[in-house]
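Residues: numbered from 1 along the sequence shown.
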Amino acid sequence: MSQGNNQMFKWAEISLKKSERYELLSAVLSELGINNQFQHFSSQVSNLGELIETVKKDHHSIRFGFELWDSLSDHVNQTYTQTLRLRAVDAIYLDSKDGWWPHLSFDDAISYYLSDYEKSLVTTDPVFVIGSGGLARAVISGLIKMGYAKINIACINKDEALQIQNDFQKIFFNTTFSYTERDNVTLLPGVHNIVINTLDFPEKDEFLRDLYYFNFLKKNGIVVDLNEVPIETPLTYIAKDINAKIIYGYEVLSYGDFLWARIATQKELDWKSYQKRIAEKLSSYKVAEDVIKQILEEFQIKS
């Protein structure tokens, strides 16, 4: 799906808020010799379809903010059934022969990172997923690909959790889903060997607070926090304090960027170098420092 060497590769992000990574990603693509131009377009779900059609006219790929991933089914090529049935699309690409195609690569990114811990993982253990949007759907897809069959969901909207269960069990017949009310999170037994948070901090801080007790996590379990900024959140600080293994948001996000670039430009980033640069860039953003300090003081943890 790449463009000729002399043709400008135009790509865009449609999201509620602009990603902090993509300007750097555009620069890295230029260093690879890919003449490219990045633009951000802000969108609510209500005007999404109209905006997508407008952006398509002058771009070769569009990436979407997490909050839109489960709202794209009506706006993409209806023949790509697996992506549509999962109701999670993270990007669309223009193919010179076949037109625009939707894609989901984030499930591969999350399973790639978890596979580093494969020897210590027991796929018969339940996994705890926080959230119910398109990002949570991508995460669950990645977990099922790895062989996990017991998914426990905690989220703000119970109906959304039940919809995930309904959608996924039509595709993955051997997967068992459970739902945990927020007020019951602290009552869960320590049987989950992975917890993956897909909710933004500090926007969803009130919901996340009950997670900080980690009563649901097995000893030496894995904590994945997919927050972009700040890199270090109360979840990761407290996870370190209990000696959990941590996968940071920027690690998975940068690998997702690598997968996107490989499809969109047919060239490969030096993604370890890119990941390091992303970590340096994102760590410079100071977000909700007072909130983090207050929470860590409550838990008697030093930042």
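Residues K204 and N197 fail the side-chain proximity criterion, which asks for heavy atoms closer than 4.5 Å. Side-chain contact between Q163 and R137 is present, with heavy atoms from C-beta onward closer than 4.5 Å.
In summary, the side chains of T233 and N227 do not present any donor paired with an acceptor at a separation below 3.5 Å, with no hydrogens or angles considered. Using a 3.5 Å distance cut-off with no hydrogens or angles, the side chains of N36 and S26 do pair a donor with an acceptor. Between the side chains of T180 and N152, at least one donor N or O lies within less than 3.5 Å of an accepting N or O. Side-chain contact, D107 with S111: no donor N or O sits under 3.5 Å from an acceptor N or O. W11 and T265 share no donor-acceptor pair across their side chains, judged by distance under 3.5 Å alone.
Not one N or O on the side chain of Q275 forms a donor-acceptor pair closer than 3.5 Å with the backbone of Y250. In terms of modelled atom types and a separation under 3.5 Å, the side chain of N215 and the main chain of T186 share a donor-acceptor contact. Although no hydrogens or angles enter the test, the distance criterion places no donor-acceptor pair under 3.5 Å between the side chain of D200 and the main chain of E203. Side chain of E160 to main chain of C155: no donor-acceptor pair is present (N/O by atom type, distance under 3.5 Å, no hydrogens or angles). At least one donor-acceptor pair closer than 3.5 Å links the side chain of K245 to the backbone N or O of N220.
Neither M146 nor L217 shares a network with the other; the hydrophobic side chains, linked directly or stepwise wherever heavy atoms of I, L, V, M, F, W or Y lie under 4.5 Å apart, form separate groups for each. Cluster membership check: F168 shares its hydrophobic cluster with F106, using side-chain heavy-atom separations under 4.5 Å among Ile, Leu, Val, Met, Phe, Trp and Tyr. Put simply, V55 and L48 are part of the same group of oily side chains (I, L, V, M, F, W, Y) that touch within less than 4.5 Å, one to the next. Linking Ile, Leu, Val, Met, Phe, Trp and Tyr residues whenever their side-chain heavy atoms come within less than 4.5 Å places I231 and I196 in a single cluster. Linking Ile, Leu, Val, Met, Phe, Trp and Tyr whenever their side-chain heavy atoms come within less than 4.5 Å puts I153 and L135 in one cluster.
Exactly one of H40, R63, E67 qualifies for a side-chain hydrogen bond (donor to acceptor under 3.5 Å, both in side chains) with S15. That residue is H40.
The two residues T123 and G147 have their closest heavy-atom pair at CB-O, 3.7 Å. Taking all atoms of both residues into account, the shortest heavy-atom contact from I92 to K56 is CD1-CE, 4.0 Å. The two residues Y93 and S61 come nearest to each other via the heavy atoms CD2-OG, 3.6 Å. L296 and P234 make their closest contact through CD2-CA, 4.4 Å (heavy atoms, listed as atom of the first residue, atom of the second, distance).
In this structure E297 satisfies the salt bridge (Lys or Arg N to Asp or Glu O under 4.0 Å) test with no other residue, sequence neighbours excluded.
Open room surrounds OH on Y213; 12 or fewer heavy atoms of other groups in view lie less than 6.0 Å from it. Heavy atoms from other residues, nucleotides or ligands lying under 6.0 Å from CG of D290 number 12 at most. Atom CG of N174 sits in a sparse spot, with 12 or fewer heavy atoms from other residues, nucleotides or ligands closer than 6.0 Å. The environment of E50 atom CD is sparse: at most 12 non-hydrogen atoms of other residues, nucleotides or ligands sit within 6.0 angstrom. Counted within 6.0 Å of NZ on K158, heavy atoms from surrounding residues, nucleotides or ligands total 12 or fewer; the atom is thus considered open.
Salt-bridge annotation for E232 and K240: present, with a side-chain N of the basic residue lying under 4.0 Å from a carboxylate O of the acidic one. K281 and E20 are not joined by a salt bridge, as no carboxylate oxygen comes within less than 4.0 angstrom of a charged side-chain nitrogen. The pair R209-E298 meets the salt-bridge criterion, since a charged nitrogen lies less than 4.0 angstrom from a carboxylate oxygen. Under 4.0 Å is where a charged nitrogen must lie from a carboxylate oxygen, and between E280 and R277 no such pair does.
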Worked check of side-chain contact (heavy atoms from CB on, under 4.5 Å) between L188 and F128:
CA-CA 10 Å; L188 289 172; F128 201 22; 3.6 Å; yes
Does the side-chain contact (heavy atoms from CB on, under 4.5 Å) test come out yes or no for L235 and L208, once each step is laid out?
CA-CA 8 Å; L235 200 69; L208 293 170; 5.7 Å; no
Steps toward side-chain contact (heavy atoms from CB on, under 4.5 Å) verdict (D125, K150)
CA-CA 7 Å; D125 286 342; K150 298 177 183 176; over 6 Å; no
Mind running side-chain contact (heavy atoms from CB on, under 4.5 Å) on Y117 and I194 for me, showing each step along the way?
CA-CA 11 Å; Y117 299 94; I194 304 172; over 6 Å; no
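Between H75 and F64, the ring center distance fails the sub-6.0 Å criterion. Taking the six-membered ring for Trp and the full ring otherwise, the centers of W271 and Y274 sit at least 6.0 Å from each other.
Annotation: the span from F299 atom CZ to D241 atom CG amounts to 10.5 Å, rounded to 0.5 Å. A distance of 15.0 Å separates OH in Y148 from OG1 in T176, rounded to the nearest 0.5 Å.
Using bins of under 30°, 30° to 60° and over 60° for the plane-to-plane angle, the ring pair F9/H60 lands in the parallel bin.
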